[in-house]
There are 2 protein chains.
Amino acid sequence: MKPKKKTAGIRRSPCAVACTLDIVGDKWSLLVIRDLLQGNVTYGELQNSREGIPTNILADRLKKLEEAGLVSKSAYQEHPVRYRYALTAKGESLKDVLRAIVQWGKENIPGTVVLSRR
Amino acid sequence: MKPKKKTAGIRRSPCAVACTLDIVGDKWSLLVIRDLLQGNVTYGELQNSREGIPTNILADRLKKLEEAGLVSKSAYQEHPVRYRYALTAKGESLKDVLRAIVQWGKENIPGTVVLSRR
DNA sequence: CCGGATCCGGTCTGATACTG
DNA sequence: CAGTATCAGACCGGATCCGG
């Protein structure tokens, strides 16, 4: 089913930029982290976020972010098990990166806004 | 044969994060920008950078970054036309984002270094 | 040779359908 | 509601080809 994942994630250098981008250098990961920072913590909340992330991509990113130690999940309900997602300290420290990105976008892409809360 | 390519780049929200990530939210763009900041300005210099970007990807990224107004190219030689690539002010201002990324990588990925110069 | 375009196989994305 | 399965098509990455 899922024996190995050996595709494009191979990194040959210890460069901090490259390694960081291997973790969050795609279109969705940072958006998920951004939503988590804003208080969207359940699967549904994340899915109904503004950008409309496809459900399979969301599940995949949550899994990868968890494996990378940026996100942790904990059950908040037992009967059908339901999880709440939270950023670890490592994940939360990415907010400095997000802040820089937001700032750049505001200054360089006309018409964009901060949207810090739904 | 390739008039418009607008597949996954569709923007549904004016969110500054999402829009910024649509421009540089992939594995290579920020690395190219990083190399340009470091003084690698010809095609060959960029290609021989540490990460080993495939040539077609490099050409594609340079084109897209130019279209996005982050990079400009100018001929520095005529006989076979050779170009030198440079960051525009807009592109150069991304160094704040890169700085945040470097910092996060250094603090959170053991074994990574800054590699600020070859 | 160098800068870049083209080809092609394989991987991943993204929309939807489906399951519990 | 919270995810998994599926599948076509987009995209990546390596190799090769081409123009100056």
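Hydrogens, waters and symmetry mates play no part in the numbers below; they use all other heavy atoms, side chains included. Letters go in sequence order (proteins before strands), and every chain restarts at 1.
One finds a side-chain N or O of B/W28 lying less than 4.0 angstrom from the OP1 or OP2 phosphate oxygen of D/dG13. In this model, the phosphate group of C/dG14 is approached by a side-chain N or O of A/K27 to a distance below 4.0 Å at OP1 or OP2.
For B/Y85, the side-chain atoms get nearest to C/dG4 when compared with the rest of D/dG13, C/dG14, C/dG4. Counting only heavy atoms from C-beta on, A/A59 has its side chain closest to D/dT4 among D/dT4, D/dC12, C/dG4.
Whole-Å rounding puts the A/L46 CG to D/dA2 C1' distance at 11 Å. Taking atom CG on B/D26 and atom C1' on D/dC11, their separation rounds to 11 Å, with Å as the unit. Summarising the geometry, the separation between OH on A/Y83 and C1' on D/dA2 is reported as 11 Å, rounded to the nearest angstrom. If you take CD of A/E45 and P of D/dA2, they are 8 Å apart, rounded to a whole angstrom. Rounded to an integer number of Å, the gap from A/L58 CG to C/dT16 P is 17 Å. Rounded to whole Å, the distance from CD on B/Q77 to P on C/dG4 is 11 Å. Regarding B/D60, its CG atom lies at a distance of 18 Å from the P atom of C/dG3, rounded to whole Å. With rounding to whole Å, B/N48 atom CG is found 9 Å from C/dC2 atom P.
Qualifying side-chain contact (heavy atoms from CB on, under 4.5 Å) partners for A/Y76, counting only residues two or more places apart in sequence or in other chains: A/T42, A/R82, A/R84. A/T88 meets the side chain to side chain donor-acceptor pair (under 3.5 Å) test with no other residue; sequence neighbours excluded. B/Q47 is linked by a side-chain contact (heavy atoms from CB on, under 4.5 Å) to B/Y43, B/T55, B/L58, counting only residues two or more places apart in sequence or in another chain. A search for side-chain contact (heavy atoms from CB on, under 4.5 Å) contacts involving A/A89 returns nothing, not counting sequence neighbours. Residues satisfying the side-chain contact (heavy atoms from CB on, under 4.5 Å) criterion with B/E92, sequence neighbours excluded, are B/L37, B/L87, B/K95.
For the pair A/K73 and A/Y83, the cation sits on the ring face: its NZ or CZ lies under 6.0 Å from the ring centre, inside 45° of the axis.
As judged by a 4.0 angstrom heavy-atom cut-off over every strand, B/R61 is placed among residues touching the sugar-phosphate backbone only. If you check every strand for non-hydrogen atoms under 4.0 Å, A/Y76 touches sugar and phosphate atoms only.
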Considering only nitrogen or oxygen atoms on both sides, find all protein atoms under 3.5 Å from nucleotides 15-20 of chain D and state each distance.
residue, atom, partner, partner atom, Å
D/dG20, O3', B/H79, O, 2.9

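Around NZ of B/K106, the count of heavy atoms belonging to other residues, nucleotides or ligands within 6.0 Å does not exceed 12.
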